[in-house]
Amino acid sequence: ARAEVRAVVLGWLDKSAETIGQEESYIRTKLGVVVALLIKSDYPERWSGAFDDLLALLSRGPHMIDFFFRVLHAVDEEIVSFHADRDAREIEHNVVIKDTMRASSCVRDLCAAVYEVVASYHATLPELASLGLRTLRLYIGWIDINHVVNERFLPLLLRCLQLPPVQLAACECVYEIVTKGMDDGAK
């Protein structure tokens with residue numbers, strides 16, 4: 001039944017790529033939570049290509065990029081962030097999800113997608129670039145720092161610090177990098 005629900009949701013997203021931006025913000029957010037919950041229940045065992053399926057939506061334009069970031073925010077809330085009311089089995093499965101994301105190309109691909117969005121839209125759609133940076137901020141604490149602190153991404157972050165529409169989001173990313181719990185020399 002979950003596979004059927006997933007197929008219906010992804011099918012609707014595919015058909016609604018051009019019009020999803022017309023939906024109320026809360027509808028897009030709730031749909032992002034639904035997708036995140038499908039990921040939580042099925043990734044990696046029954047939906048190993050979950051993040052590949054999401055990344056494929058990005059080519060459909062700014063509205064799908066916005067939706068993609070809403071899903072990643074919901075993934076942070078439903079899987080990554082600690083909640084005391086989660087039972088041991090749920091916490092254990094969430095760890096498996098994060099470990100699988102880190103071990104595969106998933107995190108690298110997600111960071112590359114954020115880079116492309118920020119680089120492409122920081123001047124034309126700064127609210128979308130800011131959403132990408134705010135999403136990245138959520139992930140910096142638990143992903144390999146080399147996905148963000150590198151010759152490609154760091155200059156973009158530093159450039160964004162000088163652009164008022166995106167500078168707060170860029171500053172939040174830099175803050176997360178600086179306060180990341182790891183040896184300063186390794187950073």
Side-chain angles (χ1 to χ4, degrees), residues 1-83 86 90 93-121 125-143 147-148 166 169 172-173 176:
R2 285 193 305 255
E4 215 172 291
V5 169
R6 184 173 66 234
V8 168
V9 170
L10 292 175
W12 182 83
L13 283 171
D14 187 50
K15 286 186 251 177
S16 303
E18 302 302 318
T19 59
I20 194 169
Q22 298 167 2
E23 298 292 339
E24 295 289 336
S25 177
Y26 71 91
I27 298 286
R28 293 183 311 230
T29 299
K30 289 296 182 189
L31 186 58
V33 171
V34 167
V35 172
L37 290 172
L38 288 169
I39 291 169
K40 183 176 184 170
S41 68
D42 290 350
Y43 182 83
E45 300 87 3
R46 291 174 295 282
W47 189 17
S48 61
F51 292 98
D52 293 329
D53 291 347
L54 289 174
L55 287 164
L57 297 173
L58 296 179
S59 64
R60 305 294 300 272
H63 296 303
M64 279 300 181
I65 295 169
D66 173 85
F67 177 73
F68 171 76
F69 291 138
R70 288 172 192 268
V71 171
L72 292 182
H73 273 254
V75 165
D76 174 70
E77 180 64 29
E78 297 295 333
I79 299 166
V80 176
S81 295
F82 175 78
H83 293 279
R86 291 188 175 144
E90 182 180 7
H93 185 67
N94 288 351
V95 169
V96 168
I97 291 171
K98 289 188 335 187
D99 288 347
T100 303
M101 289 174 71
R102 284 188 286 241
S104 68
S105 64
C106 177
V107 170
R108 182 196 69 219
D109 295 344
L110 294 176
C111 289
V114 171
Y115 174 87
E116 292 301 326
V117 168
V118 174
S120 299
Y121 292 106
L125 288 172
E127 62 281 351
L128 192 59
S130 291
L131 181 57
L133 290 170
R134 286 193 312 273
T135 303
L136 180 65
R137 174 187 56 86
L138 298 172
Y139 286 72
I140 289 173
W142 64 273
I143 64 172
H147 293 301
V148 181
V166 294
E172 290 171 346
C173 285
E176 289 298 322

Between V148 and I143, does the side chain to side chain contact (heavy atoms under 4.5 Å, CB included) criterion hold? Intermediate values first, please. CA-CA 9 Å; V148 181; I143 64 172; 4.1 Å; yes
Intermediate values then yes/no, side chain to side chain contact (heavy atoms under 4.5 Å, CB included), V80 and K98: CA-CA 7 Å; V80 176; K98 289 188 335 187; 3.9 Å; yes
Main-chain N/O of [Y] paired to [X] side chain as donor or acceptor, under 3.5 Å:
| X | Y | result |
| --- | --- | --- |
| S120 | E116 | yes |
| Y43 | F51 | no |
| R6 | A1 | no |

Test L13 against L10 for side chain to side chain contact (heavy atoms under 4.5 Å, CB included), laying out the working first. CA-CA 5 Å; L13 283 171; L10 292 175; 4.2 Å; yes
For the [atom1] atom of [X] and the [atom2] atom of [Y], what is their distance to the nearest 0.5 Å?
| X | Y | atom1 | atom2 | value |
| --- | --- | --- | --- | --- |
| E90 | I79 | CD | CD1 | 9.5 Å |
| Y115 | L133 | OH | CG | 12.0 Å |
| L37 | E78 | CG | CD | 4.5 Å |
| D42 | K40 | CG | NZ | 12.5 Å |

Stepwise side chain to side chain contact (heavy atoms under 4.5 Å, CB included) test for F68 and L57: CA-CA 8 Å; F68 171 76; L57 297 173; 5.8 Å; no
Is there side-chain contact between Y139 and H147, with heavy atoms separated by less than 4.5 Å? no
Just so I know, are the side chains of R86 and N94 near enough to count as touching, which here means a heavy-atom distance under 4.5 Å? yes
With sequence neighbours left out, which residue pairs that include part of residues 53-65 fulfil the side-chain hydrogen bond (donor to acceptor under 3.5 Å, both in side chains) condition?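 Checked against side-chain hydrogen bond (donor to acceptor under 3.5 Å, both in side chains) - neighbours excluded - the pairs reaching residues 53-65 are D14-R60, W47-D53.
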Pairs under 3.5 angstrom only: tabulate donor-acceptor contacts from the side chains of residues 19-27 to other protein residues two or more places apart or in another chain.
from : atom 1 : to  : atom 2 : distance (Å)
S25  : OG     : R70 : NH1    : 3.3
S25  : OG     : R70 : NH2    : 3.4

Only distances under 3.5 Å count here; give the side-chain donor-acceptor pairs of residues 106-113 to other protein atoms, sequence neighbours excluded, each with its distance to 0.1 Å.
from : atom 1 : to   : atom 2 : distance (Å)
D109 : OD2    : S105 : OG     : 3.1

Using the side chain to side chain donor-acceptor pair (under 3.5 Å) criterion, which residues pair with R28? Sequence neighbours excluded.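 Partners of R28 under the side chain to side chain donor-acceptor pair (under 3.5 Å) test: none.
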Identify the heavy atoms of [X] and [Y] that sit nearest to each other, and give their distance.
| X | Y | value |
| --- | --- | --- |
| I97 | P44 | CG1-CD, 4.5 Å |
| P62 | Y121 | CG-OH, 4.0 Å |
| F69 | L128 | CE1-O, 4.0 Å |
| L38 | R2 | CD2-O, 4.1 Å |

Checking side chain to side chain contact (heavy atoms under 4.5 Å, CB included) between V75 and each of L54, T135, I39, which is the one that passes?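 Answer to the side chain to side chain contact (heavy atoms under 4.5 Å, CB included) test with V75 among L54, T135, I39: I39.
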Taking side chain to side chain contact (heavy atoms under 4.5 Å, CB included) as the criterion, tell me which of V118, L136, V114 meets it with C173. L136
Would you please name every residue forming a side chain to side chain contact (heavy atoms under 4.5 Å, CB included) with S130, sequence neighbours left out?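 By the side chain to side chain contact (heavy atoms under 4.5 Å, CB included) rule, S130 matches R134, V166, A169.
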Taking only residues two or more places apart in sequence, or in another chain, which ones meet S81 in a side chain to side chain contact (heavy atoms under 4.5 Å, CB included)? D76, H83
